[in-house]
Student: 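For reference, the structure I am asking about is given below.
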Amino acid sequence: MRTLLLGKLADPHSPKSLGYRARQRRMERLLRRFPDFLQMEIVDLGGATAYWHRATIRPARVTVVSIDEWAIRDPAPWMATVQADACDPDRLEGAFDLVFSNSVIEHVGGPRHRRGFAETVHKLAPHHWVQTPYRYFPLEPHLIFPGFQFLPPASKVRIASHWPLSHIRGRADVDPVQYVMDHELLTITEMQALFPRSVILRERFGGIVKSLVATA
């Protein structure tokens, strides 16, 4: 039952899931915003090669930057990979057409790291597309739990450890305290402060803002 529910709600790899369809709509919106995306050279901050292997829409070349070695394994010939911290702009060089980032900035670890991440975005390309879940959407997207983002840390840890839809329930390799600390959803005001010259797009589900995209 748990696997079935996760597949219907959030599995980004299942064409039948809400999460997959939301990503498809987002990519279609990106194409409308950047019609030459298929000819672009982009950098994906905090992404993974697996995402682009599965993508139905891809640029001419993509450089995947991640602090995690597992995320940059097995690149295709049209991919490059860099193991680095995207929150440290001094460590990254290059000139790209577009910075792409999908559901990363909420995981980087506090305001200082988010400012470093935004500085990297502005440094690497004249255009960007940075998406993040919206803090005030009622259903927290990582745990699929209503209002999870507003609970005290101790309650979050208990839910992350035992909630049937939690991705880390029963996993000995994940510290639930660290997992909870690494999730900090952003507001529209925070995104606008990080990307002051960007348009903040609202993605809606059932008429309610579900996620945000800073783009310029």
Student: Using a 3.5 Å distance criterion without hydrogens, assess whether the side chain of E106 forms a donor-acceptor pair with backbone atoms of T132.
Tutor: no
Student: Can I72 and V82 be said to form a side-chain contact (heavy atoms from CB on, under 4.5 Å), step by step?
Tutor: CA-CA 7 Å; I72 54 175; V82 178; over 6 Å; no
Student: Quick test of your reading: applying salt bridge (charged side-chain N to carboxylate O under 4.0 Å, His left out), list the pairs with at least one residue in residues 69-85, sequence neighbours left out, ordered by first then second residue.
Tutor: E69-R73
Student: Do the side chains of L185 and P141 get nearer than 4.5 Å, heavy atoms only?
Tutor: yes
Student: How long is the straight-line distance from CD of Q192 back to CZ of R197, given to the nearest 0.5 Å?
Tutor: 11.0 Å
Student: Would you mind reporting whether F37 and M27 have side-chain heavy atoms less than 4.5 Å apart?
Tutor: yes
Student: What verdict does the side-chain contact (heavy atoms from CB on, under 4.5 Å) test give for L143 and K156, after you've listed the backbone C-alpha separation in whole Å, the side-chain angles of each residue and the deciding distance to 0.1 Å?
Tutor: CA-CA 10 Å; L143 275 294; K156 288 182 178 181; over 6 Å; no
Student: Is it the case that one hydrophobic cluster holds both M181 and F150, taking links as side-chain heavy atoms less than 4.5 Å apart, direct or via other members?
Tutor: no
Student: Do E41 and P59 come close enough that some side-chain heavy atom pair is under 4.5 Å?
Tutor: no
Student: How close do G207 and R204 get, heavy atom to heavy atom, and via which atoms?
Tutor: O-NH1, 3.4 Å
Student: Is it true that E184 and R114 have a side-chain N and a carboxylate O under 4.0 angstrom from each other?
Tutor: yes
Student: Is V130 reachable from F96 through a run of I, L, V, M, F, W or Y residues, each pair having side-chain heavy atoms under 4.5 Å apart?
Tutor: yes
Student: What's the shortest heavy-atom distance between E190 and T187, and which atoms?
Tutor: OE1-N, 2.8 Å
Student: Restricting to non-hydrogen atoms, name the atom on P75 and the atom on T81 that form the minimum distance, rounded to 0.1 Å.
Tutor: CB-CG2, 3.9 Å
Student: Test side-chain contact (heavy atoms from CB on, under 4.5 Å) on I188 and Y134 and set out the steps.
Tutor: CA-CA 8 Å; I188 295 169; Y134 180 45; 3.7 Å; yes
Student: With the threshold set at 4.0 Å, does a side-chain nitrogen-carboxylate oxygen contact exist between E93 and K123?
Tutor: yes
Student: Given 3.5 Å as the limit, does a donor-acceptor pair link the side chain of S166 with the main chain of H162, or not?
Tutor: no
Student: Not counting sequence neighbours, which residues clear side-chain contact (heavy atoms from CB on, under 4.5 Å) with S198? List them please.
Tutor: H128, F195, A214, A216
Student: In the single-linkage hydrophobic clustering (I, L, V, M, F, W, Y; side-chain heavy atoms under 4.5 Å), do L212 and I208 co-cluster?
Tutor: no
Student: Within a strict 4.5 Å, meaning less than it, do heavy atoms of the R158 and S155 side chains meet?
Tutor: yes
Student: Is there a path of hydrophobic side-chain contacts, each under 4.5 Å between heavy atoms, that joins F137 and I105?
Tutor: no
Student: For a quick test of reading the model, state the closest non-hydrogen atom pair linking S161 to R169 and the distance between them.
Tutor: O-CG, 3.1 Å
Student: Taking the side chain as every heavy atom from C-beta outward, state whether T120 and D88 have any pair of such atoms under 4.5 Å apart.
Tutor: no
Student: Look at the side-chain heavy atoms of Ile, Leu, Val, Met, Phe, Trp and Tyr, link any pair under 4.5 Å apart, and say whether V99 and L194 land in one connected group.
Tutor: yes
Student: Calculate, to the nearest 0.5 Å, the distance between atoms CG and OG belonging to L186 and S211 respectively.
Tutor: 12.0 Å
Student: Sub-3.5 Å donor-acceptor pair from the side chain of Q83 to the main-chain atoms of I67, do we have one?
Tutor: yes
Student: Hey, is the main chain of L30 close enough, under 3.5 Å, to the side chain of W129 for a donor-acceptor pair?
Tutor: no
Student: Mind checking whether V213 and R33 have side chains closer than 4.5 Å, heavy atoms only?
Tutor: no
Student: Check whether S66 reaches the backbone of A48 with its side chain - one donor and one acceptor, N or O, closer than 3.5 Å.
Tutor: no
Student: Taking the six-membered ring where the residue is Trp, are the ring centres of W52 and F100 under 6.0 Å apart?
Tutor: yes
Student: Working note: N102 + R26, criterion side-chain contact (heavy atoms from CB on, under 4.5 Å); need CA distance, chi angles, decisive distance, verdict.
Tutor: CA-CA 10 Å; N102 190 75; R26 185 177 306 138; 2.8 Å; yes
Student: Between W78 and R58, is there a cation-pi geometry (under 6.0 Å to ring centre, at most 45° from the normal)?
Tutor: yes
Student: Examine Y179 together with H183 and report whether their ring centres are nearer than 6.0 Å.
Tutor: yes
Student: Hey, what do you get for OG1 (T56) to CD (E28), rounding to the nearest 0.5 Å?
Tutor: 8.0 Å
Student: Counting only N and O atoms by type, is there a donor-acceptor contact under 3.5 Å from the side chain of D68 to the main-chain atoms of W70?
Tutor: no
Student: Measuring only between side-chain heavy atoms, which start at C-beta, is H53 closer than 4.5 Å to M79?
Tutor: yes
Student: Do R29 and R25 touch side chain to side chain, with heavy atoms closer than 4.5 Å?
Tutor: no
Student: Name all pairs fulfilling the salt bridge (charged side-chain N to carboxylate O under 4.0 Å, His left out) condition that reach into residues 94-103, sequence neighbours left out, sorted by first residue then second.
Tutor: none
Student: So, for G46 and V104, which heavy atoms are closest and what is the spacing to 0.1 Å?
Tutor: O-CG2, 3.5 Å
